Amino acid sequence: HAKALGRNRSCIYSQELSAHKSSQLSLEQDLRDAVENEEFSLEFQGQFRPGERIPRRVETLIRWPHELRGQVSPHEFIPLAESSGLIRELGFWVLRRACAEFMSWRQQGMKLEKIAVNVSAMQINSRFAETVETIMKETGFEPAWLELEVTESLMMSGMTEVNNQIHQLRALGVEFSIDDFGTGYSSLSKLKEMPVSVLKIDRSFVRNIHDQENDYEIARAIVAMADSLNIEVVAEGVENEEQGETLRHLGCEWLQGYLYGRPMAADDFLRHYS
Ligand code: C2E
Ligand code: MG
Ligand code: MG
Ligand code: MG
């Protein structure tokens, strides 16, 4: 009986697995089509100085309004874009659009100093810096306006090609930030060697910062460390006043989260903040 049950289970399991697999496959096919037809859109979320209501910086977030599935989360389709190799084309599409929106906002009088764009490790090959430079030139966008958000593991990978590309862009004036900081394995000494301008404290530490001593201490340590390395700190995912006040008290220079501004489409962003 136990054996039969076991067989049964593994049968159900493999059915589920293949259902999952085929749904991933069809999502991948949809993603391929969506990249080809440019079916994505962008939203923008402000980064604020404590106490200010108009953002000086902005982060770009991709959206995929799927005709049958509704909004597909980037947490779902970015990994798929990475494993299928589509992330390069998609990433450059995002960058091109982000630069163009930023230029248009400035022309319409917004006083933004920088736009951040998320970049995944899989995007970085030997032609990455060159293509980023071309896109900036095409749109008349100054390198100092661009901040690329990368992960700790990418920044700390130690891979020569990655370092080359990062240094090439740094030489142009493009800045780098480390996203979701505190969740990876950065060492202090490596951090000091890397050309990082900004650390973004991961939302998981911000969530309970006002009542969890551990999270508070981690945030405090990140701010202190960044301070001594001359690196700026952005707190992400700030949703309530207690969190914001605690971070401000710690000396965090930039705040980002639903409390200050939700991600919104480019024209809403312009209307909202000008
Ligand atoms: P991320 O870069 O860490 O972005 C922050 C995420 O938190 C975004 O989710 C944003 O909408 C959300 N968020 C902002 N404020 C709050 C808040 O106060 N509370 C909560 N609960 N969430 C908040 P989103 O847009 O779903 O993006 C998820 C992740 O997908 C991003 O995390 C980033 O890693 C990735 N991603 C988004 N756009 C791109 C892109 O253009 N390229 C690449 N490679 N990755 C992207
Ligand atoms: Mg980010
Ligand atoms: Mg983040
Ligand atoms: Mg995050």
Side-chain angles (χ1 to χ4, degrees), residues 31 34-35 38-48 55 57-66 70-102 114-125 128 131-132 135 146-155 175-184 196-210 232-244 246-247 252 254-266 268-269:
L31 189 66
V35 169
E38 302 187 12
E39 285 164 20
F40 301 90
S41 61
L42 297 181
E43 285 190 342
F44 302 89
Q45 186 180 33
Q47 296 177 350
F48 300 77
R57 299 184 181 176
V58 53
E59 178 177 5
T60 309
L61 296 159
I62 193 169
R63 297 289 175 258
W64 182 18
H66 189 286
Q71 288 285 348
V72 186
S73 165
H75 285 304
E76 194 175 346
F77 72 81
I78 293 291
L80 211 53
E82 288 170 341
S83 62
S84 62
L86 290 164
I87 191 69
R88 296 214 177 108
E89 193 178 341
L90 188 56
F92 290 134
W93 180 87
V94 170
L95 182 65
R96 207 172 285 118
R97 286 282 309 274
C99 290
E101 297 294 5
F102 184 87
K114 255 179 216 307
I115 185 163
V117 175
N118 292 284
V119 167
S120 84
M122 300 298 293
Q123 285 175 255
I124 305 206
N125 64 8
F128 180 71
T131 311
V132 172
I135 290 172
L146 183 62
E147 181 180 303
L148 297 178
E149 293 193 6
V150 301
T151 60
E152 272 174 274
S153 54
L154 172 79
M155 210 23 116
E175 297 200 329
F176 286 84
S177 56
I178 303 188
D179 210 346
D180 307 335
F181 189 79
T183 59
V196 174
S197 310
V198 176
L199 300 181
K200 299 193 73 179
I201 303 180
D202 190 65
R203 190 165 81 227
S204 59
F205 305 115
V206 171
R207 192 175 299 131
N208 300 312
I209 191 168
H210 51 297
E232 293 184 302
V233 175
V234 178
E236 61 176 23
V238 184
E239 294 181 351
N240 62 51
E241 296 287 354
E242 293 99 310
Q243 295 164 343
T246 309
L247 286 154
C252 186
W254 296 96
L255 303 168
Q256 181 178 359
Y258 296 163
L259 177 63
Y260 309 104
R262 297 229 163 213
M264 49 189 121
D268 293 334
F269 191 80

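These numbers come from a predicted model, not from an experiment. Just so you know, ligand 1 is whichever comes first in the structure, and atom 1 is the first atom listed for that ligand. Quick note: residue numbers are just sequence positions, from 1.
Judged purely by atom type and a 3.5 angstrom limit, Glu39 has no side-chain atom pairing as donor or acceptor with the backbone of Pro65. Panel note: side chain Gln243, backbone Glu239; a donor-acceptor pair is recorded below 3.5 Å.
Note: Phe77 and Phe40 have tilted aromatic rings, judged against thresholds of 30 and 60 degrees for the angle between ring planes.
Interface of Val94 with ligand 1, defined as ligand atoms under 4.0 Å from a residue heavy atom, comprises 41 (O). The Gln45 neighbourhood of ligand 1 comprises atoms 14 (C), 15 (N), with distances under 4.0 Å to a heavy atom of that residue. Every atom of ligand 1 with a heavy atom of Gln123 under 4.0 Å away is listed here by number and element: 44 (N). Listed by number with element, the atoms of ligand 1 under 4.0 angstrom from any heavy atom of Pro263 are 11 (O). Annotation for ligand 1: atoms under 4.0 Å from non-hydrogen atoms of Ser120 are 44 (N). Each of the atoms 2 (O), 4 (O) of ligand 1 lies under 4.0 Å from some heavy atom of Glu59. Interface atoms of ligand 1 facing Gly257, defined by a heavy-atom separation under 4.0 Å, are 15 (N), 18 (O).
Of the heavy atoms in Arg262, none comes closer than 4.0 Å to ligand 1. When non-hydrogen atoms are compared, ligand 1 lies under 4.0 Å from neither the backbone nor the side chain of Glu43. With a 4.0 Å heavy-atom cut-off, ligand 1 is reached by the backbone of Val238 but not by any atom from C-beta on.
Scanning Leu61, Thr60, Leu95, Val150 for the heavy atom closest to atom 10 (C) of ligand 1 points to Leu61. Of the candidates Arg207, Arg203, Gln71, the one placing a heavy atom closest to atom 22 (N) of ligand 1 is Arg203. Ranked by closest heavy atom to atom 1 (P) of ligand 1, the top entry among Val117, Asp179, Val119 is Asp179.
A side-chain contact (heavy atoms from CB on, under 4.5 Å) with Ile201 is found for one member of Val233, Val238, Ile178, Val234 and no other, namely Val233. Each of Phe44, Tyr260, Trp254, Phe269 was compared with Pro55 under the side-chain contact (heavy atoms from CB on, under 4.5 Å) criterion, and only Phe269 meets it.
If you check the side chains of Gln47 and Gln256, you find a donor sitting under 3.5 Å from an acceptor.
Shortest distance from the Mg ion (ligand 2) to Glu149 is reached at OE1 (N/O/S atoms only).
When distances to the Mg ion (ligand 2) are checked against a cut-off of 2.8 Å, Asn118 contributes an N, O or S atom below that limit. Here Glu236 does not reach the Mg ion (ligand 2): none of its N/O/S atoms is less than 2.8 Å from the metal.
Remark: ligand 1 and Ser73 share no N or O pair separated by less than 3.5 Å (distance only, no angle test). The N/O atoms of Ile62, backbone and side chain alike, include one that comes under 3.5 Å of an N/O atom in ligand 1. Between Arg63 and ligand 1, a contact under 3.5 Å exists for at least one N or O pair. Annotation: Asp180 places an N or O atom under 3.5 Å from an N or O atom of ligand 1; distance criterion only.
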Enumerate, atom names and distances included, each donor-acceptor pair closer than 3.5 Å involving a side-chain atom of residues 85-101, sequence neighbours excluded.
residue : atom : partner : partner atom : Å
Arg88   : NE   : Met122  : O            : 3.2
Arg88   : NH2  : Met122  : O            : 3.3
Trp93   : NE1  : Glu38   : OE1          : 3.2

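Among residues two or more places apart in sequence or in another chain, the side-chain contact (heavy atoms from CB on, under 4.5 Å) test is passed with Ser204 by Thr183, Asp202.
In terms of heavy atoms, Gln123 sits closest to Val119 at OE1-CA, 3.4 Å. Of all the heavy atoms in Arg63 and Pro74, the pair that sits closest is NH1-CG, 3.9 Å. The nearest pair of heavy atoms linking Glu149 to Ser177 is CG-OG, 3.1 Å.
Remark: at the Mg ion (ligand 2), atom OE2 from Glu59 and atom OD2 from Asp179 enclose 170°, rounded to the nearest 10 degrees.
Taking 4.5 Å as the limit, every side-chain heavy atom of Ile78 sits out of range of all side-chain heavy atoms of Asn118. Counting only heavy atoms from C-beta outward, the side chains of Phe176 and Leu154 never approach each other to under 4.5 Å.
Under the 4.0 angstrom criterion for non-hydrogen atoms, Glu82 is not in contact with ligand 1.
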